[in-house]
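One structure below.
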Amino acid sequence: MRMSRLFFETLREVPAAADTPSHQLLLRAGLVHQVAAGIFEFLPLGLRAKRKIEAILRQEMERIDGQEVQMPVVHPAELWQRSGRWYAIGPDMARLKDRNDRDLCLGMTHEEPVTDLAASMVRSYRDLPFMVYQIQTKFRDEPRPRAGLIRVREFTMKDGYSFHRDFADLDAYYPRVYEAYYRMFRRCGLEVVAVASDTGMMGGTMAHEFMALSPIGEDTLLLCDACGYKANRQIALFRKPQLQADPPAALEEVHTPRCASIEDLAAFLSVSPEKIVKAVFMVGKLAVEGDDQQAQERLIVACLRGDMELNETKLANALKCRGLRPAHDSEIRAAGIEPGFGSPVGMKAGAAIVIADDLVPAMSNFVCGANKADYHLRNANYQREFAAAVVADIAAAAEGHACHACGQPLRSVRGIEVGNIFKLGTKYSAAMGAAYLDEKGASHPIVMGCYGAGSDRVLASVIEEHHDEAGIQWPVSVAPYELVLVSLVSPGKEEEKLVEDVYQKLAAAGVEVLYDDRNERAGVKFNDADLLGFPLRLTAGPKGLKTGTLELKIRRTGEVRPVPIDQVVEAARQALDEEWALLKGMLDQPFPPM
RNA sequence: CGGGGCGUAGCUCAGCUUGGCUAGAGCGCUGCGUUCGGGACGCAGAGGUCGCUAGUUCAAAUCUAGUCGCCCCGACCA
C-alpha cells in the first residue's frame, strides 16, 4: 500500500475528548473515528488490526472444533420473551418495532438465537457435542460509554456456544476453551490472567473472566502471589481474622456529635474501626418464592466490621435479590433508623432484612449506631443487642487481606475484561426447549457453555499495553502492516526507482509493507511511523542509497541496523521472525491452572 | 439516573467575569518559492450560522432560560 493513497490522518495534538492512552492513540493514529458516544467507525489501519485479532480468534476457535456461523443483529422479541430476558433486562437493551408493529431488539448477546437454533436442529444425543461461534456486532445501550473502545455501545464480539449432553461433557470441554483463550490473547501480545468470576444473572455454575491487567481497567482483581488464587473483587474470598471474645460489658450510650462516618467516629472515640460495626443500607428486590415477577423491594441493613466495605455482589447473591441500590434517607427513617447513626439495634421490627457479615458475630463489645442523632452505643454485642436474619460473607476483599486459601496477603490490581467463559448449564435450553433424546428415548435439556471475547476491546487493550511516548508499538501479530518503507528521496528523483524496486520486492516476498512515498519531510514521516507503530521501519535515504544501504529500525527496541539494498527481504524476514519469536515465547509459557 | 466539566475554524485553544466596532492565535489545509535524515522557512490565500432555540437589550460568542451533544466521577454492566 502506498501511503500517499492511504485513507488516514494522524493528529499531532491529543484530542480533548480522549483521556486514556489507547483512546488517544486510536484517534491520533487515525485508526478509528467516533460517531457518537460509544459508537465508532473503523478506518483502514484500525480495521486491519482488528481483522488480524479476529483471525487469531477464529483460528483458536477452530482449534477447539468451533464452527463459524453468523446470527442476526436484529432479533424478534419472541426469542427473548421465551428466555424471560425480554422482561428481566432494562434499558440496556435497544428495542424497536418493525413496520407491522412487531417488537424487535438489537442483540446484546446471542444465547437466545443460538439456543433456538440448537432447539430446531438437535434431536439426538448423536448430534452432540458441538460448538458454534461467530464474530458479530452487538449493541448494548450502556449508561456510560467510556475510554474509547474499552466501554462502548456498539461493539464486535466473538461469541461461542457449546452444546453437550451432560455436565460431565461440558466439564471436559471447558478446560480446552480456557486454554484456547489464554492462547488467543497471548497471540495478540496481551498478557492476561483468568480470574474466577460471578455468574450473575446469566445463571450457570463456573465462570472465568480473562483480564488484561491495566490501571485503566474497570474491574478490580485480587491475586494471591503465594498460591495463585485469582478472583474478581465481586466474588473474591478472603480469610477473616480470628477474634477472641471478650466478656460482654455493659451497654453504654455515648454522645458522638457529628460523627456520621466511621473515620470521624473512630477518631472521636479513639477506637479502631475494627471495634465498630457499621450498617450499610440498601434497597433490593427480593424474589418471592416461585414468582420472579412479584419481586418486592425491601430495605436491607447490612452489618460489617467498620474497616470493611460491603461487596454488593456477595450481598445480592446471599439474599438472592436484584436491583440493589443505596437506600434513601426517608426509607431508612421509615424503619426507625437514624441515617449516620444507624444500626439494627432498636429498629422497627420486620421493617428491614438484617444481614451480617460472618465476622460480626465474632466481635464483642463493639460500637454501633444508637439510632438517635449524634449518639452511638458502646459495648454492643451480637445476639444481646441484635441478631441478623442472615449471616454470610458480604465483605469485599481488599489489598492486604489474607488469601482464603493460603493466608498470604492478597494483591489488588485493575483489569480490562477482554473475554469470559461460562458454564451456562441448562438455563437457556430448558427455557427455550432445546432438548435431545438419549439412548433410552428420554428427553433432556442440552447443557451449554458460552464464551465471549471482544475484538475491539482486545485492540484497545493491546494499545494500552504496547505503547510509548511516541506512539503505538504493535505486536507483529496484530500490526496493520508489518513494515513501513520510508522513502526520503524526493519524488521524481532518479533514486526513487530504487526505493520503488525495494517496495515491489518486499511485497512480492509476502511482507505486509506500507510504502511511505509521500512528499513529506523526514521528521514528519518518522514521527508518523513511530505513532502508527509498525514493528519495522525501513528507511531509504539519498545518502544511504549512494552506497546501496538502507536502515532497518525496530520499533519496539529502537535498535537500528544497516541493510544492503540487495538483502532487504532477508533482513526484514529475519527481524520479523524475531518479533514473532517474542510472541511464541509468551505462548509457550505454561497457563495458570483453572 | 446523581455529581462535575466542556461545546468558538479540520485539531488544540484564547476571547465570555465587566455585552459594543472587520471574532483571534498556534497547528493543519491551498498556491508559489526556498529547503529536505526527526513534525522547516518566506510570501499569498481559503476556512467560523461562536451547538441549537427562545428571551433580555439600541446591541449577545459574551447575560437569562430551555434544549441537544460530548467528556469525567459515581450508580449500572446479562
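Quick caveat, the model's predicted, so the values are computed rather than measured. Note that these values count all heavy atoms, side chains included, but never hydrogens, waters or copies made by symmetry. Protein chains get the first letters and strands the later ones, always in sequence-line order, with residue 1 at the start of each.
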Is [X] touching bases, backbone alone, or none of the nucleic acid, heavy atoms closer than 4.0 Å?
X: A:Ala18; value: nothing
X: A:Pro91; value: nothing
X: A:Leu324; value: sugar-phosphate
X: A:Val14; value: sugar-phosphate
X: A:Arg325; value: nothing
X: A:Ala147; value: sugar-phosphate
X: A:Pro15; value: sugar-phosphate

task: Between A:Ala540 and A:Phe40, just flag the one whose closest nucleotide in RNA chain B comes earlier from the 5' side.
output: A:Ala540

query: Which sits closer to the 5' end of RNA chain B, A:Gly541 or A:Trp80, going by the nucleotide each is nearest to?
result: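 The residue whose closest nucleotide sits nearer the 5' end is A:Gly541.
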
statement: Exactly one of A:His75, A:Arg82, A:Gln81 clears side-chain hydrogen bond (donor to acceptor under 3.5 Å, both in side chains) with A:Glu78, and that residue is A:Arg82

message: Which label fits A:His164 and A:Tyr173: parallel for a plane angle under 30°, tilted from 30 to 60°, or perpendicular past 60°?
response: tilted

message: For A:Tyr174 and A:His208, take the angle between the two ring planes, folded into 0 to 90°, and tell me which bin it lands in: parallel under 30, tilted 30 to 60, perpendicular over 60.
response: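 Answer is tilted, since the angle falls between 30° and 60°.
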
Identify whether NZ of Lys or CZ of Arg in [X] sits under 6.0 Å from the centre of the six-membered ring of [Y] and within 45° of that ring's axis.
X: A:Lys50; Y: A:Phe42; result: yes
X: A:Arg537; Y: A:Phe526; result: yes
X: A:Arg95; Y: A:Trp86; result: yes

Taking the [atom1] atom of each, how far is [N] from [M], in whole Å?
N: B:A23; M: B:A61; atom1: P; result: 9 Å
N: B:A65; M: B:U12; atom1: C1'; result: 31 Å
N: B:G19; M: B:G55; atom1: C1'; result: 15 Å
N: B:C27; M: B:U22; atom1: C1'; result: 24 Å
N: B:G51; M: B:G7; atom1: P; result: 8 Å
N: B:C41; M: B:G26; atom1: P; result: 12 Å
N: B:U56; M: B:A14; atom1: C1'; result: 27 Å
N: B:C70; M: B:A25; atom1: C1'; result: 24 Å

Spacing between [X] atom [atom1] and [N] atom [atom2], to the nearest angstrom:
X: A:Gln34; N: B:C72; atom1: CD; atom2: P; value: 9 Å
X: A:Glu9; N: B:C11; atom1: CD; atom2: C1'; value: 8 Å
X: A:Glu218; N: B:C73; atom1: CD; atom2: C1'; value: 12 Å
X: A:Leu26; N: B:C11; atom1: CG; atom2: C1'; value: 17 Å
X: A:Lys525; N: B:G38; atom1: NZ; atom2: P; value: 13 Å
X: A:Leu11; N: B:C11; atom1: CG; atom2: P; value: 9 Å
X: A:Arg518; N: B:G28; atom1: CZ; atom2: P; value: 13 Å
X: A:Arg144; N: B:G3; atom1: CZ; atom2: P; value: 15 Å

Side chain [X] and base [N] donor-acceptor under 3.5 Å:
X: A:Arg521; N: B:A40; value: yes
X: A:Arg537; N: B:G38; value: yes
X: A:Glu520; N: B:G39; value: no

Is the shortest heavy-atom distance from the side chain of [X] to the side chain of [Y] under 4.5 Å?
X: A:Thr549; Y: A:Val563; result: no
X: A:Lys278; Y: A:Met308; result: no
X: A:Pro535; Y: A:Leu483; result: no

query: Quick one: which of B:G39, B:G26, B:C72 gets closest to the side chain of A:Arg146?
result: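 My answer, after comparing the listed nucleotides, is B:C72.
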
message: What's the closest nucleotide to the side chain of A:Glu312 if the choices are B:C76, B:C72, B:G37?
response: B:C76

Could you let me know what [N] is paired to, Watson-Crick or G-U wobble, both distances under 3.5 Å, or none if it's on its own?
N: B:C41; value: B:G33
N: B:C50; value: none
N: B:C58; value: B:G20
N: B:C27; value: B:G10
N: B:C70; value: B:G5

- prompt: Counting only non-hydrogen atoms, which of residues 526-534 of chain A are less than 4.0 Å from RNA chain B?
  reply: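 A:Phe526, A:Asn527, A:Asp528, A:Asp530, in order of number.
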
message: Which residues in residues 551-564 of chain A have a heavy atom closer than 4.0 Å to any atom of RNA chain B?
response: A:Glu551, A:Lys553

task: Ignoring hydrogens and angles, state whether a donor on the side chain of A:His466 or A:Trp474 is under 3.5 Å from an acceptor on the partner side chain.
output: no

query: Quick one: ring pair (Phe, Tyr, Trp, His ring centres under 6.0 Å) partners of A:Phe163, sequence neighbours excluded?
result: A:Phe130

message: Would A:Glu209 and A:Val195 count as a side chain to side chain contact (heavy atoms under 4.5 Å, CB included) here? Give the steps.
response: CA-CA 5 Å; A:Glu209 289 167 340; A:Val195 301; 4.0 Å; yes

task: Ignoring backbone atoms, establish whether A:Arg12 has a side-chain N or O less than 4.0 Å from OP1 or OP2 of B:G28.
output: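 The answer is yes; a side-chain N or O of A:Arg12 sits under 4.0 Å from OP1 or OP2.
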
query: Taking NZ, NE, NH1 and NH2 as the nitrogens, is one of them in A:Glu154 or A:Arg140 under 4.0 Å from a carboxylate oxygen of the other?
result: no

